[in-house]
Each structure stands twice: as structure tokens, then as C-alpha cells.
Visitor: 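Structure below; questions to follow.
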There are 2 protein chains.
Amino acid sequence: MLEVRHLTTLLAIEEAGSLMEAAERLHVTQSALSHQLKDLEGRLGAALLVRRTRPVRFTTAGLRVLALAREVLPRVQQTERELKRLAAGQTGRLHIAIECHSCFQWLMPALDAFREHWPEVELDLSAAFSFAPLPALVRGDLDMVITSDPVENEAVKYLPLFRYELVLAVSRQSPLAASKWIEPEDITDQTLITYPVERERLDVFTAFLNPANAEPAAIRTAELTPMTAQLVAAGRGVAALPNWALTEYTEHDLLKTVRLGEKGVWRTLYAAVRVEDDHTPYMQEFWETAKELCFKTLSGVRAVKGS
Amino acid sequence: MLEVRHLTTLLAIEEAGSLMEAAERLHVTQSALSHQLKDLEGRLGAALLVRRTRPVRFTTAGLRVLALAREVLPRVQQTERELKRLAAGQTGRLHIAIECHSCFQWLMPALDAFREHWPEVELDLSAAFSFAPLPALVRGDLDMVITSDPVENEAVKYLPLFRYELVLAVSRQSPLAASKWIEPEDITDQTLITYPVERERLDVFTAFLNPANAEPAAIRTAELTPMTAQLVAAGRGVAALPNWALTEYTEHDLLKTVRLGEKGVWRTLYAAVRVEDDHTPYMQEFWETAKELCFKTLSGVRAVKGS
DNA sequence: TATGAATATGAGATATTCTCATGCTGGAAG
DNA sequence: CTTCCAGCATGAGAATATCTCATATTCATA
């Protein structure tokens, strides 16, 4: 019945004082407005305007519609502006999930920096330890997943952040501490401390132990990186962690790190996004600033070739 | 760009959870909704829905439009309901002007009674002493004019309220007080007290004195009927007033009334309305209740034949 | 009563929004 | 892994709706 178009017309007529002038402002013919009004009045069963006065006078019904127009049109227009910004990628939503336990360390500063540049983007962060983040990303519940485990999916693009080395943290007193590197078999008499997730999601198994069919003497879990570090420092076990997550402990000489294998185990950390979001300005910028911040902040990380 | 139709559609989709079900609720085909959405999304440059989930999921842009819909649609619908009532004459505006100074006496109770039955009708009352009420009625600034002077106009209908006699109020001591009636010449040695308006609008001139070319010895004016009555009672002059406006004074024997001419001067009081408003329910009812109330309240008034 | 500015109207062009028929897709079941 | 099914997309064309153009009508005014 009533449409936004009608509200726009009525408001223009009120401001202009005549159909003639209003038509000009709206870039249509006077005839168009006349027809439009006639049609609307016919369907309403009531006149909206008295045309024979100058300026035109609104009937009670007309005033009521005018009041609606004044109330509703600004909101509609504001929404349209917001949608334009959304479409242009100048604002939007960025729900991030991390699969990487240590990532809070650099992600929080990255989020803070981002928030300053894109205050209108709705930020959210969740840990993806208890659910599969990739389907959620594809479905749209998430907008970005920080992961080192790129599962091929044509709806998802993996933006590389940096390469890092997975190293073994050992206590200063550990016999392994002196080695330049260790072999998988060196862990068979050790207690391995891991995050409490399935083996398949732990790089130390998939990239180091499993290929050699090696198995640690025991496995215990710890939720948080500082807790793991403390346990290792106390000689209660060893743990495979990103080199950059251990910097503050090695710097204070609280523990030692040893390479896994002669060449080391290198991983790449990715920001996974839906392909359609790849070129969204704020997504791009988040990726770039995060990358930059990681290089500046984290020691021992490397650029990925071609990124 | 955005239209009410789109808001309705989005809200229906949200409630239904699918285009299929929403289409059914809106009594259109699923195809129509699909086309409509595609078109809108195309123009916005952004997706509103993710269709491949069940129920469908809204994108950030979709949620924004949905929020607009929830905010705007109820108001649009309420306005449409009000317009329907307006068109049906169940509500509206009743701006009344009176040309008749004494009419406040019965009009106020009439308005009070009316307000109870039609609380939604916007009532207003003004005195039409300083402007021409008929053009204002035709133009639409007024909706009803209470007058005893029906000026033929094809856009205006005169609804008769009652007939009354214009009588001469004189003091108890006046020599005229004993007469059954007076002639125009009897006033030539009297001071005539009138409302402060032009002669042409005073019935005592147009219907009694002017035809006989008679002229009072002096004319003085008084704004209000009680003031006029006091002056008359004090023997400071005579005044031509509706018989019903003098009842409370004659009952207390404060003054006397005398007929103007042998047959008396009879006038009809009308409620003038625009012809297109004639059959508006609340207009009709106002007329009828006012008429009824006048007969009950005012003594000495008569019905108009055929009303 | 003529005049001019504004609105109304009819006819036809144009644009839009629908329906119909049918193709496509993702998830569930075998 | 295929089949099926429910739901969405799409193309074509019908049905509407909305506009423009040309012109008539109306109203206030000189």
C-alpha cells in the first residue's frame, strides 16, 4: 500500500509547496506525481492534498502520511548509507577464531591497532578449540580463522601470515638441551606436554613423531602456554611450541629450545577467509597490519615467499 | 532503492526461515521473492541472505535491513490502519468556527458530549468574528461553521440546527416592555447595543431596521452576552438577541423581551460543512447530537421543517 | 472575461515485478 | 557414492505499474 516512494514524494511536495516544483526536485514530470498521488489517494480512499491552494495544503490523512515520512525516511536513508559502506567494505563484521593457542599474544595488539583504524567494523574473537572452525567460516558464522593447518576448500582462501619453527622446549638441565637438534626417537623416554586437543591437530605428532612412528613415554596436557613453560622449566616434561611463543622464556634463560630434526619443523600460520571476502578492504588491512606487527613483535618468524 | 516491499519480504523470510515458506505467507511465488532479492542485492552490491543454510542466515547487510524493517514496518502499518479509519470517517478533524456570539452556551456541552463518543476526532473551536469563515471552510482550514447566515455556495452544505426568534431585550422599566411587539420606528429613540461587528452581519439591521430604513438613536457595542444583558437591565439601551440566549435573564425577571414586528424575526442556525464531509459519520453525529442537545437545553427554539 | 500558472487526464512507451516452467544444488538416505 | 528431495535460481514472457508526452481543465487574478 504505502511505499517509501510515496513518502519521498509527499515530503518533496511539502518542501516544494507544489507538484510542479516537487517534480523538478525529484527529476520526474509533474504528470508522474499527479498520477502517483491520484493512484495512492484512490487506494486509500481519501485525499491527501488540497491542490487548489498555494502552497498546497495537506488533509488530515496527508498530514498523517507526512508525519510518517518525517519519521521513517531519515532511517531508511541512513540504512542505505550504511549498506553502501558495507558493500564498499568500509565497514562490516570480523569474527575471528583462533586454532592456535599461543596466538593471543600477538592477536590482541593486532586487534587493538585494527580497532583504531576501523572503529565501525564489528570485532569478535573466539577460540576454536572445541569446534570445527572451517565449516563455521564457510557458513558465515565466522569471518576469519587463524590456523596453521590449511585444509583445501574452494570457498576458503588462506592468507599466509608468517613462517615459524616448531621447536622443542626443554629444561636447562635436560640432556637434550645441549643438542643442535633431536630425532623423534629422543622423545620416546620423555613426557610430552601438549594442549588438550586431539593428536591429529598437533603438529608435533603429524609432522614429527607420527612419520617416524615414535611415541613419547607419557603425555600430559596444559591449557595455557605459560603453564606449559613452567612445567618444562621445572623438568616435568618437554613441549613442542612455536619458537616465537617461547622467546620470553629463553631470553630469561628459563628453558632451552631444540630443533626438531636436522632441518627443523617449519609451519606457516594463515588467516583463512571466505574467497568472497578476500579483497574486502578491512580484511586486507587486517591481514597486512597483523603480518607487519608479527614481524616486528615476534622474533624468529619469517616471511612466506610471495606474500 | 529500499522499499517497504523489501522490508516486508525480509521480515517474512526471517519469520519463515526460508524463501519457500515466506512466499506462501506473502501469497506470492517463491520465484518472485528470489527475483526480488536478487534484484535488491544486485543494486545494493551486497548479499542479504545466505540461502544454503536452514533456516536462511542473514548477512551483516541483511541484518541491518532487518533491523530497519522491525523499526519501520510497525509504524507504516499503524499509519495505514489510521488512514483506513480516516477514510471510513471513524476518525478525523473537526475544526469549528462560530459566527454566533451566544453559541458558546450550548456548543461547549455539545463538544463535551461529542468528545466522549469520538475521542479520536481532533476537535478545535474558534470564533469567526474577525475573519470570513466561509472561504476558510471551503479551503479546508475549518471543517464546520456555525452561522445563521447561509451564503449559497455549491461546495458548502448547510445543516439546520434549529429555528429561533430574534427578540429585543429591554429593561423592565422601559416603555417598550409592555408592548406585545414593536415596530422598527420604536427603536429610533433608543440606544442599540450590538456585538462589535459590521452592520451587515447583524440580523437586527438586515432583517428588521434596514428594510424600514429605521436607525437607532445611538449604537454601542458589547463583546459578551452577559455584559449586554447587564447594560439592558440597567436601562442603558436595548439589544436584539436570540430568545434562547436571554432565558436565564427573563426567568430571573432581570429584563423583558419584546417581539420584533408582529410576526417576529425568525432565524435558522446552521452548521455549515463542506459537501464532501456531509455524510462523514462523526460530522453527522455531531450535527444530530448538537441539535438534540439544543432542543433539550434551550427554551424557545423550534425544529426546522424537514430536518 | 481573458490570461497564465498549476494540476489533471488519456494514451502509449517503458520499466518493474510477477508467474510459469524448469534447471540447479546441497544435504540426507540408501 | 549415487539417488533423491526440498529449496533456491533462472529465463522467458505475461501482467502490472509507472513514467512521459501532449493536451485539457481549473483556479486565481488582472
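These values consider heavy atoms only, across backbone and side chains, with no hydrogens, waters or symmetry-generated copies. So that the names make sense, note that chain A is the first sequence line, chain B the second, and so on, each numbered from 1.
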Visitor: Output the rounded distance in Å from CG (B/Leu40) to P (C/dT16).
Guide: 13 Å
Visitor: What nucleotide, of C/dG10, D/dG11, D/dC8, holds the atom closest to the side chain of A/Lys38?
Guide: C/dG10
Visitor: Over 60° means perpendicular and under 30° means parallel, so classify the ring planes of A/Phe286 and A/Phe114, tilted if in between.
Guide: perpendicular
Visitor: Do the side-chain N or O atoms of A/Arg52 get closer than 4.0 angstrom to the phosphate oxygens (OP1, OP2) of D/dA28?
Guide: no
Visitor: For DNA chain D, find the residues of residues 1-29 of chain B with a heavy-atom distance under 4.0 Å and give them by number; none if there aren't any.
Guide: B/Ser18, B/Leu19, B/Met20
Visitor: Look at the side-chain N and O atoms of A/Arg51 and state whether any lies under 4.0 Å from the OP1 or OP2 oxygen of C/dA6.
Guide: no
Visitor: Output the rounded distance in Å from CZ (B/Arg57) to P (C/dG26).
Guide: 15 Å
Visitor: Heavy atoms from C-beta onward define the side chain here; which of C/dA6, D/dA9, D/dC27 lies closest to that of B/Ser34?
Guide: D/dA9
Visitor: Kindly give the heavy-atom pair with the smallest separation between B/Ser148 and B/Arg267, and that separation in Å.
Guide: O-NH2, 3.4 Å
Visitor: Answer yes or no as to whether C/dT17 has its base stacked against B/His35, where stacking requires a ring-centre separation under 5.5 angstrom and planes under 30 degrees apart.
Guide: no
Visitor: Taking atom types as modelled and ignoring hydrogens, do the side chains of B/Thr147 and B/Glu99 form a donor-acceptor contact shorter than 3.5 angstrom?
Guide: yes
Visitor: When you measure only distances, ignoring hydrogens and angles, does the side chain of A/Gln30 come within 3.5 Å of the base of C/dA8 through a donor and an acceptor?
Guide: yes
Visitor: If you compare all heavy atoms of A/Pro133 against all heavy atoms of A/Leu142, which two are closest, and at what distance to 0.1 Å?
Guide: O-CD1, 3.7 Å
Visitor: Let me test you: for the helix from C/dT1-D/dA30 to C/dG30-D/dC1, what is the angle between the axes at its two ends (five pairs each), rounded to 10 degrees?
Guide: 30°
Visitor: Would you mind reading off the distance between B/Leu33 atom CG and D/dC8 atom P, rounded to a whole angstrom?
Guide: 9 Å
Visitor: Got B/Arg201 and B/Thr206 here, is their nearest side-chain heavy-atom distance under 4.5 Å?
Guide: no
Visitor: With a 4.5 Å heavy-atom cut-off, do B/Asp278 and B/Met283 have their side chains touching?
Guide: no
Visitor: When the distance from CD of B/Gln36 to C1' of D/dG11 is rounded to whole Å, what number comes out?
Guide: 18 Å
Visitor: Starting from C1' on D/dT29, measure out to CZ on A/Arg54 and report it in whole angstrom.
Guide: 12 Å
Visitor: By nearest heavy atom, map B/Asp39 and B/Ser31 onto DNA chain C; which one lands nearer the 5' end?
Guide: B/Asp39
Visitor: Nearest whole Å is fine: how far is C/dT7 P from A/Leu49 CG?
Guide: 9 Å
Visitor: Going by an N to O cut-off under 4.0 Å, is there a salt bridge joining A/Glu80 and A/Lys84?
Guide: no
Visitor: Is the shortest heavy-atom distance from the side chain of A/Val204 to the side chain of A/Leu209 under 4.5 Å?
Guide: yes
Visitor: Should A/Glu14 and A/Arg70 count as an ion pair when the cut-off is N to O under 4.0 Å?
Guide: yes
Visitor: Take atom CG of A/Leu37 and atom C1' of D/dT18, then tell me their distance rounded to the nearest Å.
Guide: 13 Å
